[in-house]
Amino acid sequence: MFPNFPIWPVRAATSASNLDALFIFLLLVTGTVTIMIFILVTLFALRYRHTIVEKPTPILGSLALETTWSLVPFGIFLIFFVWGAVLYFQERTAPPDSMEIYVVAKQWMWKLQHADGQREINELHVPVDRNVKLIMTSQDVIHSFFVPAFRLKQDVLPGRYTTLWFHAIRPGTYHLFCAEYCGTQHSGMIGSIVVMNPAAYEAWLSGGGGEGSLASTGQKLFQQLGCGSCHRSDTQGRGPNLVGVFGKPVLLEDGRTVVADENYVRESILNPGAKIVAGFKNIMPSFQGVVNEEQLLSLIAYVKSLQGSQQAEPVSNRPAVPNTSAQPRVK
Amino acid sequence: MATASAITAEREHYLNADYGFRSWLLTTDHKRIALLYLISITFFFFIGGFFALLIRLELLTPQGDLVQADTYNKLFSMHGQVMIFFFLIPAVPAVLGNFLVPMMIGAKDLAFPRINLLSWYLFIIGGGLMLYTILTGGVDTGWTFYVPLSTAYLGTHVVLAAVSIFIAGFSSILTGLNFIVTIHRMRAPGMTWGRMPLFLWSNYATSIIQVLGTPVLAISLSLVGLERMFHLGVFNPQLGGDPLLFQHLFWFYSHPAVYIMILPGMGVVSEIIPCFSRKRVFGYEFVALASIGIAVLGFLVWAHHMFVAGISLYSAMVFSFFSYLVAVPSAIKVFNWTATMYKGKIYYSTPMLYAMGFIGLFTMGGMTGLFLASLGVDVHVTDTYFIVAHFHYIMVGGMVMAYLAGMHFWWPKISGRMYPEAWGKLAALTIFIGFNLTFFPQFVLGWTGMPRRYHAYTPEFQVLNVLSTAGSTVLAVGYLLPMVYFLWSLRYGKEAGDNPWGAAGLEWKTASPPPTYNFEETPVVTWEAYNYDDLPKEVPVVG
């Protein structure tokens with residue numbers, strides 16, 4: 001599975017192919033210039049060695065040359081910059097149709113939660129040819145989710161969510177490494193990404209779980225914690241109605257507008273006074289220390305599931321089994 | 001030192017002007033302070049090097065079998081802290097800069113001789129605390145002290161290490177301050193800015209960074225200490241803090257610090273290449289201004305260490321752009337050094353071999369930096385061995401090569417003795433080969449995905465790791481050689497004479513070793529820097 005002495009990592013995602021193209025371009029350009037400099041230094045050292053040169057030729061400099069070797073590299077750098085920035089933009093912008101998986105990192109393991117309820121540790125099963133978005137946070141220190149075969153890496157921070165997305169193109173098992181030094185067992189915080197054919201993936205999905213979807217777990221928690229007594233699904237509640245809120249702009253009491261994304265929902269649970277919705281009072285207690293990272297994620301999944309429906313209790317509008325015919329993002 | 005002075009006792013110079021520990025520990029002579037620094041940083045270099053060898057030995061096999069995980073984490077943390085704060089940053093400025101800045105401008109000493117001594121004492125206090133930290137169990141924060149790991153999750157001597165670096169930082173600030181004032185106020189008559197050797201320009205640029213950047217390091221380390229002891233909440237998200245704030249503060253100093261380390265080395269190379277090409281440096285103004293350009297732009301690129309840390313897409317683009325911009329002056333320097341050799345009369349003396357090695361290795365370090373400045377590619381290679389290889393090509397391949405080039409070039413001036421030339425060449429070659437064998441495989445390791453700071457690794461990375469470890473032993477031998485023959489030369493080396501290289505520059509117009517006040521009378525400069533056209537075309541001492 002892992003050939004000995006690799007000099008090129010496996011390409012298992014669209015992001016890897018895109019990055020390799022730029023990497024090869026960089027190798028060619030910088031390699032050429034480096035070799036040119038090596039040749040010049042060696043050539044000058046031999047051609048003008050003291051035993052064969054009687055007298056050095058005085059040369060002060062050349063404005064033309066200086067201008068050339070300032071502007072030409074700068075022009076080449078601009079190409080590197082633009083290409084790299086476009087690639088980064090693609091790497092960082094998940095397509096809207098991505099299936100979402102939640103990641104909680106801790107010293108020294110990866111906990112992964114699928115929307116349909118499957119939980120994994122240090123191993124992530126994903127289907128090939130689907131856009132997958134990871135929503136990640138850490139329970140303790142900073143970690144970094146690194147999959148060399150996808151050429152992707154994203155730090156995982158405590159106290160907020162960072163995201164990463166990929167589109168795997170090749171079934172197989174690939175390394176998952178922690179790339180940010182995180183204490184004693186940093187080098188042991190490794191796992192695998194298992195990319196599966198759609199059929200195998202469905203078989204795997206139906207084999208595990210049984211606890212119900214993440215959103216339904218969140219819904220139970222929502223009820224246990226009594227959130228529903230204020231966040232009612234009509235307009236009479238003391239807290240904002242959460243139906244259809246996720247992903248939409250929210251007008252705040254101080255006149256600002258924020259988009260209700262994962263980080264906003266998280267903050268509103270842990271530090272409710274930070275951004276009060278216009279028309280409401282700062283009366284909600286903080287749930288810091290009451291809910292853990294995984295429970296927070298299930299609450300967020302529940303809030304997400306309340307999309308646009310006017311019913312009081314819609315749990316999930318997500319199909320129980322991922323729709324394998326979804327359009328892959330082709331680039 | 002006493003042995004050298006005993007032989008050349010007929011003439012009074014800075015080494016034999018006074019004897020005894022007191023005369024050294026209370027000296028205000030910039031040359032003696034330079035030697036105090038030389039001894040101190042050499043000590044720390046070998047400590048840091050010892051840690052590096054243990055790291056490489058551990059990585060010989062994929063399993064974590066030589067030392068335990070915690071020990072390994074301490075090894076790379078202390079390797080980084082010792083090498084960066086107690087060797088690389090002071091190396092050229094505090095040793096060669098201290099010795100040469102006053103001599104190159106025709107002054108008797110630095111502007112503040114006692115502050116110069118104070119800065120050495122601060123260095124020793126900081127260094128002593130670092131040694132105490134190491135001996136009482138060490139620290140495992142990495143050299144980067146990232147929070148919240150360093151503030152809440154490690155039980156080692158984090159505060160002690162931070163205090164040690166905090167104190168050493170003031171030594172660096174004071175040296176920078178001294179250089180800036182000296183270069184502004186104490187130049188000999190006729191030594192205009194446009195006639196200053198490029199070594200001074202690069203040390204001036206370095207000093208600006210030291211004075212402006214180091215206080216921010218002091219602030220960020222203080223905050224780590226306070227957060228750790230009193231739970232301030234500046235960085236802790238549970239208390240409303242932001243761990244990324246620490247990274248911004250840390251890299252605001254620590255990226256410019258890279259230029260503190262490399263700029264003086266560039267200055268050394270700018271002295272040596274013209275001397276052994278018997279030619280004026282090509283494009284003097286451009287090389288001089290490139291140093292200033294690097295110092296200024298160097299302050300605008302810090303977040304390129306944070307492209308995967310969770311900063312916004314658009315700020316990342318700004319930092320990527322500036323990172324490419326700062327690469328332009330470095331490229332200008334490389335082209336000008338190369339062009340200086342064109343139609344010269346080139347001598348392959350040891351300093352020149354190191355300088356040519358510097359051009360090659362620094363170019364490779366710089367070129368791989370272009371990969372890292374490219375946002376998309378950085379995402380894959382950052383925090384892997386690609387980064388480790390890249391900065392070692394700059395710091396060790398560039399800076400240490402330049403430092404050794406300078407030590408060989410000015411050793412005759414410092415000691416009054418020649419080192420054995422054949423051994424010098426052998427060491428230069430050994431270091432060049434050992435270095436490439438150690439660090440080139442790490443580029444491939446990083447590209448294929450091996451993360452840095454790994455105590456154990458997956459088996460497919462073993463072959464390249466074995467190569468790297470093998471290289472490190474060659475490198476270690478290469479570094480021990482100069483240590484041995486420099487000491488040997490103090491007693492047995494040939495007398496150097498005032499100017500064995502036939503070099504331009506005021507420091508060569510006085511005796512070797514120089515008298516305590518450098519010049520018998522204040523020189524008056526009427527010529528441009530690197531006036532090799534007016535000097536003899538031969539290097540008097542050819543190895």
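Naming convention: chains lettered A, B, ... in sequence-line order (proteins, then strands); numbering from 1 in each chain.
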Region of I359(B) in contact with chain A, defined by heavy-atom distances below 4.5 Å
side chain

For F89(A), is the CZ atom crowded, meaning more than 12 foreign heavy atoms sit under 6.0 Å from it?
no

Specify the closest pair of heavy atoms between S187(A) and Y454(B), including all atoms of both residues, with the distance to one decimal.
CB-CG, 3.5 Å

All heavy atoms of F282(B) vs all of S62(A), minimum pair found to be CZ-N, 3.7 Å

Above 12 or not: heavy atoms from other molecules or residues under 6.0 Å from CZ of F440(B)?
no

Heavy-atom pair count under 4.5 Å with chain B, highest-scoring of A85(A), G159(A), P73(A):
A85(A)

Taking atom CD as the centre, does Q107(A) end up with more than 12 heavy-atom neighbours from other residues, nucleotides or ligands that are less than 6.0 angstrom away?
yes

Using only non-hydrogen atoms and a strict under-4.5 angstrom cutoff, which residues of residues 336-345 of chain B touch chain A?
N336(B), T338(B), A339(B), M341(B), Y342(B), K343(B), G344(B), K345(B)

As an exercise: rank G188(A), A274(A), C182(A) by heavy-atom pairs under 4.5 Å with chain B and give me the winner.
C182(A)

Looking at every heavy atom in both T141(B) and Y181(A), which two are closest together, and how far apart are they?
C-CE2, 4.0 Å

With rounding to the nearest 0.5 angstrom, report the CG to OG distance, L26(A) to S374(B).
5.5 Å

By a 4.5 Å heavy-atom criterion (distance strictly below it), what part of T458(B) contacts chain A: side chain, backbone, both, or neither?
side chain

So, for Q247(B) and I142(A), which heavy atoms are closest and what is the spacing to 0.1 Å?
NE2-CD1, 3.4 Å

Scored by heavy-atom pairs under 4.5 Å with chain B, the best of V33(A), V29(A), L60(A) is L60(A)

Give, as side chain, backbone, both or neither, the part of V444(B) having an atom under 4.5 angstrom from any heavy atom of chain A.
side chain

Could you look at D533(B) and say if it's the side chain, the backbone, both or neither that has a heavy atom under 4.5 Å from chain A?
side chain

With chain A, the option among T151(B), N236(B), L244(B) that has the most non-hydrogen atom pairs under 4.5 Å is L244(B)

Whether the side chain of K55(A) engages the backbone of K537(B) through a donor-acceptor N/O pair (distance < 3.5 Å, no angle test) should be reported.
no

Classify the angle between the aromatic ring planes of F321(B) and F81(A) as parallel (below 30°), tilted (30 to 60°) or perpendicular (above 60°).
perpendicular

More than 12 heavy atoms of other residues, nucleotides or ligands under 6.0 Å from CD of E54(A): is that the case?
no

So, using side chain to side chain donor-acceptor pair (under 3.5 Å) as the criterion, who are the partners of T144(B) when residues are at least two apart?
R453(B)

Under 4.5 Å from a heavy atom of chain A, the part of F443(B) involved:
neither

Answer key: most heavy-atom pairs under 4.5 Å with chain B among G84(A), S144(A), P9(A) is P9(A)

Hey, do the aromatic rings of F150(A) and H380(B) have their centres closer than 6.0 Å?
no

Segment of V281(B) engaging chain A (4.5 angstrom heavy-atom cut-off):
backbone

Specify the closest pair of heavy atoms between E460(B) and P6(A), including all atoms of both residues, with the distance to one decimal.
O-CD, 3.3 Å

Set of residues satisfying salt bridge (Lys or Arg N to Asp or Glu O under 4.0 Å) with respect to E293(A), sequence neighbours excluded
R266(A)

Taking F307(B)'s backbone N and O only, do any of them form a donor-acceptor pair with Y88(A)'s side chain (distance below 3.5 Å, no angle check)?
yes

Whatever's closer than 4.5 Å to a heavy atom in chain A on F76(B) counts as side chain

Tell me, for L78(A) versus chain B, whether the close heavy atoms (under 4.5 Å) come from the side chain, the backbone, both or neither.
side chain

Just one of W83(A), F77(A), F74(A) clears the ring-ring contact (aromatic ring centres under 6.0 Å, His included) bar with Y324(B), so which one?
F77(A)

Does CD in Q288(A) sit with more than 12 non-hydrogen atoms of other residues, nucleotides or ligands closer than 6.0 Å?
yes

Non-neighbouring partners of R11(A) that pass salt bridge (Lys or Arg N to Asp or Glu O under 4.0 Å), sequence neighbours left out
D20(A)

Let's test your reading of the structure: which of T363(B), L370(B), T384(B), L325(B) forms the most heavy-atom pairs below 4.5 Å with chain A?
L370(B)

For the student: nearest non-hydrogen atoms of T448(B) and I7(A), plus distance
CG2-C, 3.4 Å

A373(B) portion near chain A, given a 4.5 angstrom heavy-atom threshold
neither

How many angstroms lie between CD in Q68(B) and OG1 in T184(A), if you round to the nearest 0.5 Å?
10.0 Å

Which one wins on heavy-atom pair count under 4.5 Å against chain A: F276(B), Y530(B), Y72(B), Y348(B)?
Y348(B)

With a 4.5 angstrom heavy-atom cut-off, is it the side chain or the backbone of A327(B) that approaches chain A, or both, or neither?
both

